[in-house]
There are 2 protein chains.
Amino acid sequence: MRVVTVVHSAPSLADAPPLRVESMLRGVGSYAPMCAICSMCRQREACLPVGLVVDPAVGRSQNVGRRRRVARSAPLYRTGEHFGMFHAIRLGSFKTTLLLENGQEQVGGFYLPGEILGSDGVDTGLYGCEAVALEDSEVCSFSIDALEAHVDVQSGTGQIMQRVFGREIAREQRVMLMLGTMAAEQRLAAFLLDLSQRYAALGYSSREFVLRLTRAEIGSYLGLKLETISRMLSRFHRDGLIQVQGRVLKLLDLEALKKLLDRST
Amino acid sequence: MRVVTVVHSAPSLADAPPLRVESMLRGVGSYAPMCAICSMCRQREACLPVGLVVDPAVGRSQNVGRRRRVARSAPLYRTGEHFGMFHAIRLGSFKTTLLLENGQEQVGGFYLPGEILGSDGVDTGLYGCEAVALEDSEVCSFSIDALEAHVDVQSGTGQIMQRVFGREIAREQRVMLMLGTMAAEQRLAAFLLDLSQRYAALGYSSREFVLRLTRAEIGSYLGLKLETISRMLSRFHRDGLIQVQGRVLKLLDLEALKKLLDRST
DNA sequence: CGCCGTCTTGACGAATCTCAAATAAAGTGG
DNA sequence: CCACTTTATTTGAGATTCGTCAAGACGGCG
């Protein structure tokens, strides 16, 4: 018997996502959509679906960024390329991967609409990782220089860049914490809850979504092997915490998942 | 039989470190000392020991930061405190720790002179971790606002903040990579080589130094238990890669240590 | 000198990885 | 749209690594 379920998913080029402005503008929580950049962009109406915050008080209206489509599994940028741009995701999703000396690749992050790629290139002037689209996607690329030209000196670009970088640093800190302290079961639970929150912040269901990553990619991201991910998903399913069929996921018991994280050791 | 060795160590308040300007100004490699901030500081001559880069071309000379001493095992800032300042380390060393819900603490970073603490507070406006001095130390604290007042609008603070944030992001990315892909042996080797490079960049020996962290702290940082750290150090010692006696460490075979990192799996 | 925090080492067990095989799903070319 | 190829997923059995528990050694300090 096959259960077919229609679930909400991240916005894609195929199915235009519904606008849910109220939830987009709602909060400033850990995953609330952000970025004052777009308040200055001429495209901001069309761009709303990405969930960037609009500040109607700002009068300027210019094209800050350049829109660009990236086909599924195509790179937005590659390791070692010259860094020049940040990229705000308008539609779709991306992973970033780091290449190790021995040829392995490690998934370093998973990014949704409204999130910003490229911070890793700032240090050396070269992108430190590769960003690959997980589905047909669209980004808005902008350079810091271009940005500075559009922001009045008073507020400075500091505010904006601080938020961009601060987010990334905070995100990486959470990942480090997870990798450093959690067992496999907890890592996966944390990952699923993280996705749940982020989809919710975008106005999508927090309990049903499609995994855009393979088991191997999730495993890489969590510092585990794909078999372990598969086993854990099966266990969660068996225990009634989730319902999983391929990449279609339903979180049945968010409380139980959260409880898994409290356990020490 | 006990071998007593005098080794170079990080600068401390007790023993004034030798000035080695040539090596401090040398490179822009991964761990080269950095920060244009200090080029504007009235204290810059006295501050040189921390290894911050001085740009004599800049004419201005003001007190950008406020000097502050932090006693061993005292906190520079605590989790949840209001974020206002960045802190450049002038002397000594710090660890940052994250507090988990269940009471455990995780070491998130280890910082040496010339490195900058506090980036983790930018996102939320509250420090995301606790910074504790590992020995009697001294920092130079400055706010972004104060900094902006001293920098001419042309160059902007963007350059400076980008470097600060970029460093931290790159550092965290390396840690994630380590935690996500390496076995215990490789993690410890990577940690030792990292220290080696960083001490070298400060003008100290890259082959002999004192560990400022306990085995438990190293373990926490590397996502391992203190017993594992102890065992690995013993193994490296037995295999002739290092010489270790308590916290006094000598790297005998850097090449072999590097080779450990190449191994796949 | 004796306490206490740190470190070392051993024995054992649990968690995770490795290898392997079978199944399911997705992509491809005709 | 089908047949076929490739890739992804599940599951099991056994190996390995690392954590846990415990005992004792070391070293600094009052």
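The sequence lines fix the lettering, A, B, ..., with proteins before strands; numbering per chain opens at 1. Please read these numbers as outputs of a predicted model, since none were measured by experiment.
- Distance, Leu233(A) CG to dA24(C) P: 18 Å, rounded to whole Å.
- Summarising the geometry, the separation between CG on Leu188(B) and P on dC18(D) is reported as 11 Å, rounded to the nearest angstrom.
- Using a 30° and 60° split on the angle between ring planes, Tyr127(A) and Tyr77(A) fall in the parallel class, below 30°.
- Applying the 4.0 Å criterion to OP1 and OP2 of dT9(D), one finds that Arg215(A) has a side-chain N or O inside that range.
- Separating the CE atom of Met232(B) from the P atom of dT8(C) is a distance of 13 Å, rounded to the nearest angstrom.
- Residue contacts for Arg235(A): at a heavy-atom cut-off of 4.0 Å it reaches no nucleic acid atom on any strand shown.
- The pair Glu138(A)-Arg68(A) does not count as a salt bridge, with every side-chain nitrogen at least 4.0 angstrom from each carboxylate oxygen.
- Atom NZ of Lys225(B) and atom P of dC21(D) are 10 Å apart (whole Å).
- Rounding to whole angstrom units, CG of residue Leu179(B) and P of dC18(D) are separated by 13 Å.
- The side chain of Arg72(A) lies closest to dG27(C), out of dG27(C), dT6(C), dT20(D).
- A donor-acceptor contact shorter than 3.5 Å links the side chain of Ser137(A) to the backbone of Ser93(A).
- Across all strands shown, Gly219(A) has no heavy atoms under 4.0 Å from either base or sugar-phosphate atoms.
- Using bins of under 30°, 30° to 60° and over 60° for the plane-to-plane angle, the ring pair Tyr221(A)/Phe191(A) lands in the perpendicular bin.
- A donor-acceptor pair under 3.5 Å is formed between the side chain of His237(A) and the backbone N or O of Val244(A).
- Atom CG of Leu224(B) is separated from atom P of dT17(D) by 14 Å (rounded to the nearest Å).
- In this entry the distance linking CD of Gln245(A) with P of dT9(D) reads 13 Å, nearest Å.
- With rounding to whole Å, Glu185(A) atom CD is found 13 Å from dT16(C) atom C1'.
- Taking 4.0 Å as the cut-off between side-chain N and carboxylate O, Glu172(B) and Arg167(B) do not count as a salt-bridged pair.
- No engagement by Arg187(B) is indicated, since no non-hydrogen atom pair under 4.0 Å with the nucleic acid exists.
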Got a list of protein N/O to nucleotides 11-13 of chain D N/O distances below 3.5 Å?
unit_1	atom_1	unit_2	atom_2	d
dT11(D)	OP2	Ser234(A)	OG	2.7
dG12(D)	N7	Arg231(A)	NH1	2.9
dG12(D)	O6	Arg231(A)	NH2	3.2

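- Between Val244(B) and Ala184(A), the residue whose closest nucleotide on DNA chain C is further toward the 5' end is Val244(B).
- Comment: Glu115(B) does not engage Arg171(B) in a salt bridge, judged by the lack of any side-chain N to carboxylate O separation of less than 4.0 angstrom.
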